[in-house]
**Student:** 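Please read through the structure below; I'll follow up with questions.
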Amino acid sequence: MDFSPARFIGDTVQTLTHPQTYFETMPVDGGFLEPVIKAALYGLLSGVVLCVLGMFKLTGVPVLDSPDASALALLAMPLLVVLLSFVGGALLLVGAMVCKGGAPYQAAVRCMASLMALEPVNLLVDSLSLHGNPVAVGVSVLVSWYGLYLAFHALTRCLGARPKAAIILVVALAVFNTGNTLLPLFQ
């Protein structure tokens, strides 16, 4: 394992700005320690975002708008994001298999840990959209679509999924996600 803060920052920038290149050149082996550290750091950043939102009572969930819950977020979010990297890796692997691809589970977990780079931003935007602000809801949808765009590149560039099948999968997920996000505006 050759984890370093500079590499973590570089990988994060590459994941978010040049996903095609990143997922083509991303190492797919080397154990689970590196993706666990990466996911835990993204979880820590998410915990900080949730903590700050909680201090200003902006989470959109009253139970999270307390000092105790905000402090708990700093501990819980790294663990949750690591867990989601393993579960999400399994789901990515299933998606790749549905799209006639295939790769080792470790590669899928590494992809998912890299996709977690968007989690702090997603958490911030989703928290603000819970207040019913249509602009925040729209931004939340766009961030979700960008996450699916990143997942498309992980599926096709790293996990061997066929592009046409992956497009169908990603569009179906985008429609489902958009409907789920916009539904509360019409209730």
Side-chain angles (χ1 to χ4, degrees), residues 1-3 7-8 11-12 14-16 18-47 49-50 72-127 140-181:
M1 188 202 80
D2 63 352
F3 183 84
R7 183 166 172 226
F8 172 75
D11 286 353
T12 301
Q14 278 291 106
T15 299
L16 296 175
H18 302 291
Q20 305 93 328
T21 305
Y22 177 75
F23 287 112
E24 282 177 350
T25 60
M26 180 187 83
V28 295
D29 55 11
F32 288 104
L33 185 59
E34 185 179 347
V36 165
I37 292 171
K38 185 182 280 191
L41 288 173
Y42 292 137
L44 184 61
L45 288 172
S46 298
V49 168
L50 196 56
L72 183 61
L74 289 174
L75 299 173
M77 288 305 293
L79 297 172
L80 183 61
V81 173
V82 168
L83 176 66
L84 289 174
S85 291
F86 283 95
V87 173
L91 293 174
L92 266 180
L93 195 56
V94 168
M97 289 176 176
V98 166
C99 297
K100 306 292 187 217
Y105 176 63
Q106 183 180 146
V109 170
R110 286 174 168 267
C111 286
M112 197 66 205
S114 294
L115 292 173
M116 289 297 176
L118 201 56
E119 185 56 26
V121 175
N122 194 38
L123 182 65
L124 174 66
V125 173
D126 283 352
S127 291
S140 177
V141 168
L142 292 176
V143 169
S144 295
W145 286 354
Y146 191 70
L148 288 169
Y149 169 77
L150 296 176
F152 169 79
H153 286 295
L155 285 166
T156 57
R157 308 287 176 155
C158 186
L159 302 179
R162 290 186 181 168
K164 288 182 181 178
I167 287 172
I168 293 169
L169 177 64
V170 166
V171 168
L173 290 171
V175 168
F176 175 76
N177 181 272
T178 302
N180 192 38
T181 303

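One-based numbering along the sequence shown. Just so you know, these numbers use all the heavy atoms, side chains as well, and skip hydrogens, waters and symmetry mates.
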**Student:** Drop me the distance from Leu84's CG to Met112's CE, to the nearest 0.5 angstrom.
**Tutor:** 7.0 Å
**Student:** Which distance, rounded to the nearest 0.5 Å, do you find between the CZ of Phe176 and the CG of Leu173?
**Tutor:** 8.5 Å
**Student:** Determine the minimum heavy-atom distance between Ala103 and Leu93, stating which atoms define it.
**Tutor:**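 The answer is O-CD1, 3.1 Å.
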**Student:** Return the CD to SG distance between Gln20 and Cys158, rounded to the nearest 0.5 Å.
**Tutor:** 13.5 Å
**Student:** Apply the side-chain contact (heavy atoms from CB on, under 4.5 Å) test between Phe152 and each candidate in Leu148, Thr156, Leu150; give the one that qualifies.
**Tutor:**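 Of the listed options, the one satisfying the test is Thr156.
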**Student:** For a quick test of reading the model, state the closest non-hydrogen atom pair linking Pro35 to Ala113 and the distance between them.
**Tutor:** O-CB, 3.5 Å
**Student:** With heavy-atom distances below 4.5 Å as the criterion, would you say the side chains of Leu80 and Met77 are in contact?
**Tutor:** yes
**Student:** Apply side chain to side chain contact (heavy atoms under 4.5 Å, CB included) to residues Leu92 and Leu115 and explain how you reach the verdict.
**Tutor:** CA-CA 11 Å; Leu92 266 180; Leu115 292 173; 3.9 Å; yes
**Student:** With rounding to the nearest 0.5 Å, note down the distance linking CG in Leu44 to CD1 in Ile37.
**Tutor:** 13.0 Å
**Student:** Tell me the closest heavy-atom pair linking Cys111 and Met26, and the distance in Å.
**Tutor:** SG-CE, 3.5 Å
**Student:** With side chain to side chain contact (heavy atoms under 4.5 Å, CB included) as the test, would you mind laying out the steps for Leu118 and Tyr42 before giving the verdict?
**Tutor:** CA-CA 8 Å; Leu118 201 56; Tyr42 292 137; over 6 Å; no
**Student:** When rounded to the nearest 0.5 angstrom, what is the spacing between OH in Tyr22 and OG1 in Thr12?
**Tutor:**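 Separation between the atoms: 8.0 Å.
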**Student:** Less than 4.5 Å apart, any side-chain heavy atom of Phe86 and any of Val36?
**Tutor:**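 Touching, per the 4.5 Å side-chain cut-off.
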**Student:** Where do Cys99 and Leu169 come nearest, in terms of heavy atoms and distance?
**Tutor:** SG-CD2, 4.0 Å
**Student:** Which heavy atom in Thr21 sits nearest to a heavy atom in Thr25, and how many Å separate them?
**Tutor:**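 Minimum heavy-atom contact is O-OG1, 2.9 Å.
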**Student:** If every non-hydrogen atom of Gly95 is compared with every non-hydrogen atom of Leu155, which pair is closest and at what distance?
**Tutor:** C-CD2, 4.0 Å
**Student:** Drop me the distance from Glu34's CD to Gln106's CD, to the nearest 0.5 angstrom.
**Tutor:** 10.0 Å
